[in-house]
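Since we're looking at a predicted model, the values are computed, not measured. Here is how names work: the chains are called A, B, and so on, in the same order as the sequence lines, proteins then strands, and each is numbered from 1.
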There are 2 protein chains.
Amino acid sequence: MPPPRRTTLKDLARELGVSTATVSNAFNRPDQLSPRLRERILGEAKRLGYRGPDAKARSLRTGRSRIIAVILAESLTYSINDAVASELLSGIAEVLDAHGHTLLLLSGRQHISQAPGSSSIADGFIAYGLMPPSLMVSADLPAQRPLVAVDFSPAGYPTVHIDNEPSSYRVARHALSTPARQVAIVSLRLTEAPCNGRITAEHELLPAERSITRSRLAGFHQALEERGLAPEDVPMWNIEENTYEVCAPVIEEILDLPDAERPDLLLCMSDRIALTALTLAEQRGLRVPEDLRLTGFDGIAEGQYRAPRLTTVRQDSVEKGRMAARMILGLAPSESTLLHTELVIGETCP
Amino acid sequence: MPPPRRTTLKDLARELGVSTATVSNAFNRPDQLSPRLRERILGEAKRLGYRGPDAKARSLRTGRSRIIAVILAESLTYSINDAVASELLSGIAEVLDAHGHTLLLLSGRQHISQAPGSSSIADGFIAYGLMPPSLMVSADLPAQRPLVAVDFSPAGYPTVHIDNEPSSYRVARHALSTPARQVAIVSLRLTEAPCNGRITAEHELLPAERSITRSRLAGFHQALEERGLAPEDVPMWNIEENTYEVCAPVIEEILDLPDAERPDLLLCMSDRIALTALTLAEQRGLRVPEDLRLTGFDGIAEGQYRAPRLTTVRQDSVEKGRMAARMILGLAPSESTLLHTELVIGETCP
DNA sequence: TTGTAGGCGTTATCAT
DNA sequence: ATGATAACGCCTACAA
């Protein structure tokens with residue numbers, strides 16, 4: 001008994017007494033073939049359980065796989081659960097789907113360590129992140145294949161961004177139009193070395209050019225200065241990961257300060273942070289916005305469906321994903337793109 | 001000037017004056033090589049910009065790609081945003097990641113139509129869904145490759161399920177322990193033909209064996225009968241897609257019934273449905289649970305972080321994903337598995 | 001309209 | 001420890 005080898009195009013050709021080229025054409029170029037013969041081939045294929053050309057061999061031969069890889073700075077587990085990242089993925093998936101491509105998910109860490117070069121199946125890459133600095137080195141990015149970066153800026157690649165600085169400026173200006181006794185900033189991934197807590201003079205910040213959080217900070221600072229507040233006098237706390245669990249202890253540290261020191265306005269760099277602050281403030285009986293005003297950034301649904309709604313800046317992450325996908329598929333010119341945002345005034349900072 | 005061909009293993013071998021086999025071993029089997037030579041090869045590789053063996057060629061040769069495909073019944077866009085599906089993906093991603101595999105996302109529709117056989121790169125498949133009936137035909141499922149089905153049961157494949165019927169029985173029994181004037185059921189994808197609204201006698205239901213919604217319905221019915229209620233007397237509405245947008249019109253139809261007919265207990269087949277009902281009830285000034293009691297199914301976070309919290313059945317979708325991934329990687333025996341759930345009593349139905 | 005044959009970049013088997 | 005060589009399954013000039 002012969003070993004149960006998968007039937008191949010060649011088997012099919014032999015069985016039918018035609019050449020492999022003809023069978024190949026039956027699948028890939030219907031016009032190169034008499035309809036009758038094509039019918040016969042497809043019929044026999046089904047009979048023999050031949051499912052069409054093998055993707056591995058085909059991609060080796062043609063050099064293309066119809067797979068686009070998304071390199072996520074964070075772990076897949078995190079990214080799938082994060083509202084902003086998953087909206088981005090939605091947008092990407094929507095466009096890829098519509099053009100017969102599929103989506104391979106890679107996490108930044110794995111990409112470099114575990115699967116060295118294993119990502120070379122993909123026809124193109126979309127990199128998303130607050131990427132860890134190591135990944136910014138172009139040496140770690142795929143060679144010879146198109147890459148679009150979203151929300152960070154590796155040198156030499158097209159990017160998709162929102163206008164972070166003007167956006168955070170606008171929300172901060174709105175917040176500061178009502179005087180505050182004590183302002184504080186809660187930032188996301190702003191320090192060079194990991195720091196989940198208060199930022200002091202010792203902490204070195206990420207390079208200004210490369211991180212969207214530095215841009216958002218610049219917007220905050222501009223608004224502060226316009227109000228005559230010195231940025232140095234505004235305390236900052238940093239969050240290492242945009243999740244409730246990581247956020248909560250830092251927010252607690254802030255809310256549990258003595259009354260005189262406790263901020264009454266928190267400028268947060270993400271909605272997740274602001275929502276965490278909202279939950280913890282409510283637990284402590286602090287009234288929002290009377291005792292504590294809050295602003296976020298992102299405009300995720302969760303912040304708008306609840307009461308009070310978040311004052312924030314809405315970015316269209318789905319569209320960001322669509323843009324990146326179109327660029328990588330060559331449906332849009334690969335020119336760095338800047339999307340705009342919308343100020344959303346909710347009840348947390350009217 | 002020669003065309004800028006990507007450097008290959010063979011180039012590298014020629015450059016170094018060693019055989020391709022040796023170079024290959026330098027990357028794949030360090031122990032088959034003197035460390036000195038290996039160093040030299042790796043060094044030269046870096047110098048020439050060779051990123052390691054090409055994944056396409058490697059997978060053709062070895063037959064394995066370290067890619068696992070997830071076939072999602074719904075569109076990717078929907079699945080990524082749905083809490084249950086994305087938790088499942090988290091669990092899958094977690095295990096795959098830990099074992100050096102990557103995740104290819106396929107949508108059910110695309111799988112069969114657009115990308116015929118293009119999925120044959122994957123080493124294995126995890127199919128998730130309320131799959132459209134057409135996909136249940138084994139002819140459309142990948143041949144010769146392991147497949148694990150989650151939340152549906154194609155004949156002949158191992159599955160991962162929760163105990164739907166006992167779970168819905170438990171939550172319904174709890175709800176019915178307080179007498180209700182008028183009970184109604186809001187189901188999800190229960191009818192053979194699409195139906196977003198009231199289910200009447202004319203509607204044919206999906207086959208009982210194959211759909212988790214039929215199982216959940218059976219649990220509801222059992223609890224009703226135990227209370228002396230005839231299932232025929234309990235009106236049912238059906239929802240076609242588990243999103244707020246699709247849900248809302250149906251729920252509105254229910255809530256806007258004349259007071260005498262309006263149900264005061266809604267047994268919902270998903271938390272999303274129950275949350276939609278909650279939102280719309282609040283908008284109408286209906287008090288929950290005084291005027292309307294609600295139960296859900298799934299136990300998603302959104303239902304537990306709000307007030308009132310949902311009474312529901314919590315399933316561990318992350319663990320479901322982990323199980324499926326372990327099975328597909330051969331880390332767990334490929335035996336159909338049944339996970340259990342936990343009754344969660346919130347304020348929507350105390 | 002159909003057939004022939006070379007090669008895509010690797011890895012496994014067998015020698016040496 | 002290292003080298004030669006034959007597949008892996010397919011596509012595509014080119015020839016017939």
So, [X] versus [Y]: side-chain donor-acceptor pair below 3.5 Å or not?
{"X": "B:R58", "Y": "B:N28", "result": "yes"}
{"X": "B:N81", "Y": "A:S90", "result": "yes"}
{"X": "A:S211", "Y": "A:T213", "result": "yes"}

Out of [options], whichever nucleotide has its closest atom nearest the side chain of [X]:
{"X": "B:V18", "options": "D:dG3, D:dT2, D:dT12", "value": "D:dG3"}
{"X": "B:S24", "options": "C:dT11, C:dT10, D:dC10", "value": "C:dT11"}
{"X": "A:R58", "options": "D:dC10, C:dT2, C:dT11", "value": "D:dC10"}
{"X": "B:D54", "options": "C:dG9, C:dT2, C:dG3", "value": "C:dG9"}

So does [X] get a side-chain nitrogen or oxygen closer than 4.0 Å to the phosphate oxygens (OP1/OP2) of [N]?
{"X": "A:Y50", "N": "D:dG9", "result": "no"}
{"X": "A:R29", "N": "D:dC11", "result": "no"}
{"X": "B:N28", "N": "C:dT11", "result": "yes"}
{"X": "A:T8", "N": "D:dG9", "result": "no"}
{"X": "A:T22", "N": "C:dG3", "result": "yes"}

Q. NA contact type, A:L9, heavy-atom cut-off 4.0 Å: base, sugar-phosphate, or nothing?
A. sugar-phosphate

Q: Whole angstrom is fine here: how far is it from CZ in B:R61 over to P in C:dG7?
A: 19 Å

Q: Mind calculating the distance between CD (A:Q32) and P (C:dT2) to the nearest angstrom?
A: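 Spelled out: CD on A:Q32 to P on C:dT2 is 10 Å.
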
Q: With sequence neighbours left out, write down each residue that passes salt bridge (Lys or Arg N to Asp or Glu O under 4.0 Å) with B:R38, or none if nothing qualifies.
A: none

Q | 5′-ward residue of the pair B:T62/B:S19 relative to DNA chain D | A |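 On the 5' side of the pair lies B:S19.
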
